[in-house]
Amino acid sequence: MALYVIGDLHLSLSANKSMEVFGEAWRDYVPRLEASLSALREEDTLVLAGDTSWGIDLAEAEADFRFLDQFPGRKLLLKGNHDYWWTTVSKMKSFFSQKGIRTLDFLHNNCFFYGDWALCGTRGWFFEEGQKAQDAKVLNREVMRLETSLQAAGGREILCFLHYPPLYQGYSCPGILETLSRYPVRACYYGHLHGPTHCRAMEGMHSGIDYSLISADYLRFIPKKICETEK
């Protein structure tokens, strides 16, 4: 069984907001995703690191969920800044149950396990000097959610998934980084950066954690394989 990650699919099968307007990198991105996700196996796990659907509510996002549900394997969804359909976990799980969507779950104030690894994460947020009080409030809430997820690992080694990058060229989010540093986090995967901003991504080791950008257009719509283990 294998563990994969990809973020920022920006599906819009009902929302009519195709990302193809953003240039050649996004041309035919849905068929390209379909080809790569078809290679998943039932025993695999795929983490979707936010901005999964442009739907403004669960009903409008349903076609995108069904698109993902048709492929083998377990899919774990994080919240992204454009996931307007996101509501409470209980409401989302109830919606999936009613619609017969069986392979999607939510990485939110919790963690999942893959072999000996704990899979933790949250959306994250930007830290900016002189930010508004509301931004600071959101960031503090995201730090708390991250802490809750990391604590749920129970001391296991951790793979962490974020939507917002905790650091990139000329920027870092101290609250997120400090929280990560207090747990056995071995790698951190993040999205949100697109197109020209790919060059600002920080990848590789930083303070003992291996960072990777996993935005869909950066990965050319092929999920990144993190590891593979025996069943």
Undergrad: How about S36 and P223: do any of their side-chain heavy atoms sit closer than 4.5 Å?
TA: yes
Undergrad: Restricting to salt bridge (charged side-chain N to carboxylate O under 4.0 Å, His left out), what partner residues turn up for D217, sequence neighbours left out?
TA: none
Undergrad: Below 30° counts as parallel, above 60° as perpendicular, anything between as tilted: where do the rings of F221 and Y29 land?
TA: tilted
Undergrad: What's the verdict on side chain to side chain contact (heavy atoms under 4.5 Å, CB included) for L58 and M92, showing C-alpha distance, side-chain angles and the deciding distance?
TA: CA-CA 8 Å; L58 288 169; M92 293 186 293; 4.1 Å; yes
Undergrad: Going hydrophobic residue to hydrophobic residue with side-chain gaps under 4.5 angstrom, can you get from V5 over to I222?
TA: no
Undergrad: Would you check if T229 and Y114 make a side-chain contact, meaning some heavy-atom pair closer than 4.5 Å?
TA: yes
Undergrad: Please name the pair of heavy atoms, one in L9 and one in T52, separated by the smallest distance, quoted to 0.1 Å.
TA: CB-O, 3.9 Å
Undergrad: Taking N140 for the side chain and A136 for the main chain, is one N or O donor matched with an acceptor at less than 3.5 Å?
TA: yes
Undergrad: For Y84 and E60, does a side-chain donor sit closer than 3.5 Å to a side-chain acceptor?
TA: no
Undergrad: With the 4.5 Å side-chain cut-off for hydrophobic clustering, are L3 and M1 part of the same group?
TA: yes
Undergrad: To the nearest 0.5 Å, how far apart are CZ in R145 and CG in L107?
TA: 12.0 Å
Undergrad: What distance separates S53 OG from L68 CG, expressed to the nearest 0.5 Å?
TA: 8.5 Å
Undergrad: Would you say P72 and D44 make side-chain contact, with heavy atoms under 4.5 Å?
TA: no
Undergrad: I'd like to know if the side chain of S12 reaches the main chain of A15, judged simply by a donor and an acceptor atom lying under 3.5 Å from each other, with no hydrogens or angles considered.
TA: no
Undergrad: Does anything in residues 18-33 form a salt bridge (Lys or Arg N to Asp or Glu O under 4.0 Å)? List the pairs, not counting sequence neighbours.
TA: E24-R27
Undergrad: Any side-chain donor-acceptor pair under 3.5 Å between T103 and R74?
TA: no
Undergrad: Any donor-acceptor pair under 3.5 Å linking the side chain of D64 with the backbone of E62?
TA: no
Undergrad: Main chain of L76, side chain of D105: is a donor-acceptor contact present, judged purely on distance under 3.5 Å?
TA: no
Undergrad: Could you label the plane-to-plane angle of the F96 and F106 rings as parallel, tilted or perpendicular, counting under 30° as parallel and over 60° as perpendicular?
TA: parallel
Undergrad: H192 pairs by ring pair (Phe, Tyr, Trp, His ring centres under 6.0 Å) with which of H198, H163, H10?
TA: H163
Undergrad: Do you know which two heavy atoms are closest between L139 and I176, and how far apart they sit?
TA: CD1-CG1, 4.4 Å
Undergrad: Is the side chain of Y4 donor-acceptor paired with the backbone N or O of L37 at a distance under 3.5 Å, no angle test?
TA: no
Undergrad: Output, in order, the C-alpha distance, side-chain angles, deciding distance and verdict of side chain to side chain contact (heavy atoms under 4.5 Å, CB included) for L159 and C120.
TA: CA-CA 6 Å; L159 302 174; C120 301; over 6 Å; no
Undergrad: Who pairs with W85 by side-chain hydrogen bond (donor to acceptor under 3.5 Å, both in side chains), at least two apart in sequence or on another chain?
TA: D83
Undergrad: Between Q98 and S94, do the side chains contain an N or O donor and an N or O acceptor separated by less than 3.5 Å?
TA: yes
Undergrad: Does Y190 reach the side chain of I214, with side-chain heavy atoms less than 4.5 Å apart?
TA: no
Undergrad: If you take all heavy atoms of C188 and L162, which pair is closest and at what distance?
TA: SG-CD1, 3.7 Å
Undergrad: Using the side chain to side chain contact (heavy atoms under 4.5 Å, CB included) rule, take L11 and L33 through it: C-alpha gap first, then chi angles, then the decisive distance, then the call.
TA: CA-CA 10 Å; L11 294 170; L33 275 172; 4.0 Å; yes
Undergrad: Please report the shortest heavy-atom distance between C160 and G121, naming the atom on each side.
TA: SG-CA, 4.3 Å
Undergrad: Got a donor-acceptor contact below 3.5 angstrom from the S97 side chain to the K93 backbone?
TA: no
Undergrad: Can you name the ring-ring contact (aromatic ring centres under 6.0 Å, His included) partners of F112, sequence neighbours left out?
TA: none
Undergrad: Would you please indicate yes or no on a ring centroid separation below 6.0 angstrom for F126 and Y171?
TA: yes
Undergrad: Identify which one of K137, R123, K79 satisfies the salt bridge (charged side-chain N to carboxylate O under 4.0 Å, His left out) criterion when paired with E142.
TA: R123
Undergrad: Taking atom CG of L48 and atom CG of L78, what is their separation to the nearest 0.5 Å?
TA: 8.5 Å
Undergrad: Report the distance from atom CG of L13 to atom CG of N16, rounding to the nearest 0.5 Å.
TA: 11.0 Å
Undergrad: Give a yes or no on whether a salt bridge exists between D69 and K75, defined as a side-chain N under 4.0 angstrom from a carboxylate O.
TA: no
Undergrad: Salt bridge between R41 and E228, side-chain N to carboxylate O under 4.0 Å?
TA: yes
Undergrad: Tell me, which pairs form a salt bridge (Lys or Arg N to Asp or Glu O under 4.0 Å) where one or both residues lie in residues 197-207, sequence neighbours left out?
TA: none
Undergrad: Answer whether the closest heavy-atom distance between the side chains of L213 and P165 falls below 4.5 Å.
TA: no
Undergrad: Please name the pair of heavy atoms, one in D8 and one in W26, separated by the smallest distance, quoted to 0.1 Å.
TA: O-CH2, 3.6 Å
Undergrad: Is R182 salt-bridged to E147, going by a charged N under 4.0 Å from an acidic O?
TA: yes
Undergrad: Got a sec, which pairs hit salt bridge (Lys or Arg N to Asp or Glu O under 4.0 Å) with one end in residues 150-166, sequence neighbours left out?
TA: E157-R186
Undergrad: Look only at the side chain of T148 and the backbone of N109, and say whether a donor-acceptor pair between them is shorter than 3.5 Å.
TA: no
Undergrad: Tell me whether F22 shares a hydrophobic cluster with V30, the cluster being built from Ile, Leu, Val, Met, Phe, Trp, Tyr side chains joined at under 4.5 Å.
TA: yes
Undergrad: I'd like to know if M205 and L180 are part of one continuous hydrophobic network [Ile/Leu/Val/Met/Phe/Trp/Tyr, side-chain heavy atoms within less than 4.5 Å].
TA: no
Undergrad: Would you compute the distance between atom OG of S212 and atom OH of Y218 and round it to the nearest 0.5 angstrom?
TA: 8.0 Å
Undergrad: Rounded to the nearest 0.5 Å, how far apart are CG of D51 and CG of N81?
TA: 4.5 Å
Undergrad: Can you list the steps and then say if I226 with V47 is a side chain to side chain contact (heavy atoms under 4.5 Å, CB included)?
TA: CA-CA 10 Å; I226 296 173; V47 180; 5.9 Å; no
Undergrad: Do M144 and Y183 sit in the same hydrophobic cluster, where Ile, Leu, Val, Met, Phe, Trp and Tyr count as joined when their side-chain heavy atoms come under 4.5 Å apart?
TA: no
Undergrad: When you compare the side chain of P166 with that of Y164, does any pair of heavy atoms fall below 4.5 Å?
TA: no
Undergrad: Find out whether S207 and S181 are in side-chain contact, i.e. whether some heavy atom of one side chain is under 4.5 Å from a heavy atom of the other.
TA: no
Undergrad: Verify, without hydrogens or angle tests, whether Q70 (side chain) and F67 (backbone) share a donor-acceptor contact under 3.5 angstrom.
TA: yes
Undergrad: F161 versus L119: any side-chain heavy-atom pair under 4.5 Å?
TA: yes
